[in-house]
Every structure is written in C-alpha cells, then in structure tokens.
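Every number for a ligand or one of its atoms is a count from 1 in the order of the listing.
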Amino acid sequence: MSDDPIIKSNVSETFMDAGALYDFMGHAPLEYIECEDVSLVNLGYWKGLNSFAKGHLMLSNLALFHLVCQNAGLSKNDGLVVDIGCGFGDVVINCVKDFHCPSVIGINISQYQIEQSLKKIARHNLQQKIAIKNMSATELQFEDNSIDKMISTEAAFHFDSRVDFFREAYRTLKPGGILSLADMVYNPPRNALEEIILPRLQDGLYIPSANVYSFADYIKKIRDAGFEIINAKNITSHVRPYFRKWAFSHPVNLVINRNIRWIISTIGFLVYPWEYIYLVAKKPDV
Ligand SMILES: C[S@@+](CC[C@H](N)C(=O)[O-])C[C@H]1O[C@@H](n2cnc3c(N)ncnc32)[C@H](O)[C@@H]1O
C-alpha cells in the first residue's frame, strides 16, 4: 500500500479505481470491533439508536445489513445470492448466519478487503457456503439469468458507472430475481460552496460524474434498465445526522493512517448534503 496513492484515472486523479481507494484505507476501516470480528466501512442505519459510544457504529452497520437483507427477503430457500461490493465480508456472513442462505458469493475489487474477507470467512468456518471473487460490478462474470437475489450496501455510488451495473444486474438476475440496494445519492451542487466540495469528494472517494443525480433520476434509471420498483425510500434522516455525530465523537477514526492530502480533499463529506436511500427492484417474471 502506497502512502501517496497518486494514480490517474478518468474518475479520480488519486485512485485508479474504487478498489485502490479501499486498498489505501487498508487496515484502518472506520472502526474494527475485535470481539465481534467486524470491520466497519459504511455509515449505518441509526433508526432507534442515539448513542455514539464505541460499538454503536457497529450496531448501526448491522442494522443496515439487516435492512438490505430483509428487503431482499433472503431465506434458506434462496438459490444463489450475490453481494456486490462486499467490503470485509461482514454482509455475506450475515446472509448465512442470520438469514440462512445456503450459497452466497461476495464480489469486490479491493484486493486487501478480499484477502481479509477470505480470512474472516475461514475463521467463521463458512467456506462451504461463501465464496469471494475479485470482480467488478460493471462486468459481472455470471451467466445470464443465473442469480436469485442480489444485494449491495453502500457501494453502487462508486461503480463506473452505476447504470452499467444496473444493466449487468438485469442481465444476470433470474426472471423474478430481486435487487436490494442501500446507496448514497450525490445530487448536483446547488451553490458555490457545493461546487467546490463535490469534485474533491469525487476524487477522494471515487465517485464518477455519471453517478451524480437525484433520487428521482436514480429510480428512473433503474426502471429504464428494465426493473420494476418494489420499494424505494429516502432514509437520509436515519443516516446522515447520526453518522456525522458519530464522526465528530470519534474524529481520530476518520483520519488515522490516512494522508493529509486525502483528508483535506474529503473533509467536505461532513457538510455536503448527500442523501441515503434504499431501493428494492424486481426483474419481471417472464
Ligand atoms: C463503502 S464500502 C461498503 C462495503 C460493504 N458493502 C459494507 O457495507 O460494509 C464500498 C465497497 O464497494 C466496493 N467496490 C467499489 N467499486 C466496486 C466495483 N466496481 N465492483 C465491486 N466492488 C466495488 C469497495 O471495494 C468496497 O468494498
């Protein structure tokens, strides 16, 4: 892992892809809870939670995983379930342990997270039920009509582009298959300050310009890909203010092991009015 991960790409001058961003974050996720063996890299769903002590980001993360899995209706009767952008493997483990899914594949493009996920899955002795693959959301190496359910937690805003992912999700899901997402929505800037902040966030957090649009446009693009919307909800009020309070309570967690240039570029994350949504879509039955 480089201290100064300067690599040019179309999306970011700093990172070649979002995998390089997470390789750079490496072993310093937002929080690691040793006794639970959980590494946290999402902002959490804080409904009913209002404490920011150590361990409470974990509760909000588990609640977010649970929401996405429950929205997908995961159960022991599912065939293949695929988690897109699987982080440190906590969601795929959740799919098996809490929702009893018999066969789960997590995909990711961060080599560091893939290695950590594989170790964690072995520690939980779940290698028979879970596989992790190095694969991009925008080029899924699955057959047409082969996946029963697809989930993705706080990852699609990175995909280059999110619409290419919708196309791949539609191709690979079986007719009647379900796509359950939690995602960040970056609306276009509304004033001069937001115009300054957004390009820096795009660079430091690897957010393609093609993914900067409103929730209404998000829904339209999923429909345009062929999906039926089952449920779509703006849950910003259960995420943004709470994550920010957590961040101000644990500022060191945001900066530890990061370089100063990256911190300056992404500090606007704490004020930019990004939104947070969940969405459940279905590939129509034939
Ligand atoms: C904010 S993290 C969320 C991780 C995990 N879903 C969670 O909620 O803990 C975003 C994840 O998406 C992955 N990712 C980003 N772009 C990707 C792509 N094109 N294909 C697959 N995974 C990707 C990152 O490597 C990272 O694991």
Checking side-chain polar atoms at under 3.5 Å, does [X] have a donor or acceptor matched by the opposite partner on [Y]?
X      : Y      : result
His158 : Tyr22  : yes
Asn108 : Ser110 : no
Gln111 : Asp23  : no

Distance-only N or O hit between ligand 1 and [X], under 3.5 Å:
X      : answer
Gly85  : yes
Gly19  : no
Ser136 : yes
Glu154 : no
Thr138 : no
Asn42  : yes
Gly87  : yes
Asp83  : no

State which residue, out of Ser209, Ser265, Pro208, fulfils the side-chain contact (heavy atoms from CB on, under 4.5 Å) condition with Gln202. Ser209
Between Arg171 and the options Asp144, Asn145, Ile147, the side-chain contact (heavy atoms from CB on, under 4.5 Å) test singles out Asp144
How far is [atom] from the closest protein heavy atom, and which atom is that?
atom                    : result
atom 2 (S) of ligand 1  : Tyr22 OH, 3.5 Å
atom 17 (C) of ligand 1 : Phe159 CE2, 3.4 Å
atom 25 (O) of ligand 1 : Asn108 OD1, 2.6 Å
atom 20 (N) of ligand 1 : Ala137 N, 2.9 Å
atom 21 (C) of ligand 1 : Met135 O, 3.6 Å
atom 12 (O) of ligand 1 : Ala155 CB, 3.3 Å
atom 27 (O) of ligand 1 : Gln113 OE1, 2.5 Å

Does Ile109 come within less than 4.0 Å of ligand 1, judged by its heavy atoms?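 It does, in that a heavy atom of Ile109 comes within the 4.0 Å cut-off of ligand 1.
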Looking at ligand 1, is there an atom of it that comes within less than 4.0 Å of some heavy atom belonging to Asp90?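 Asp90: no contact with ligand 1 (<4.0 Å).
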Pick whichever of Ala18, Gly106, Cys86, Pro208 has a heavy atom sitting closest to atom 15 (C) of ligand 1.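 Ranked by closest heavy atom to atom 15 (C) of ligand 1, first place is Ala18.
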Numbering the atoms of ligand 1 from 1, which are under 4.0 Å from a heavy atom of Phe65?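 That gives atoms 7 (C), 8 (O), 9 (O) of ligand 1.
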What do you reckon, is NZ of Lys47 surrounded by more than 12 foreign heavy atoms closer than 6.0 Å?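 Incorrect, the count does not exceed 12.
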Does atom NZ of Lys174 have more than 12 heavy-atom neighbours, drawn from other residues, nucleotides or ligands, at distances under 6.0 Å? yes
Mind telling me whether Phe24 and Phe15 have parallel, tilted or perpendicular rings, with 30° and 60° as the class edges? tilted
Result of checking Phe157, Tyr276, Phe166 against Tyr218 for ring-ring contact (aromatic ring centres under 6.0 Å, His included): Phe166
Option from Asn94, Asp90, Asn42 for which side chain to side chain donor-acceptor pair (under 3.5 Å) with Asn61 holds: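 Between Asn61 and the candidates, side chain to side chain donor-acceptor pair (under 3.5 Å) is satisfied uniquely by Asn42.
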Any idea which part of Phe165 is under 4.0 Å from ligand 1, heavy-atom wise: side chain, backbone, both or neither?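 No part of Phe165 is near ligand 1 at this cut-off.
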Look at the side chain of Asp203 and the backbone N and O of Arg200, then say whether any donor-acceptor pair between them is shorter than 3.5 Å.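 Judged by distance alone, no pair lies under 3.5 Å.
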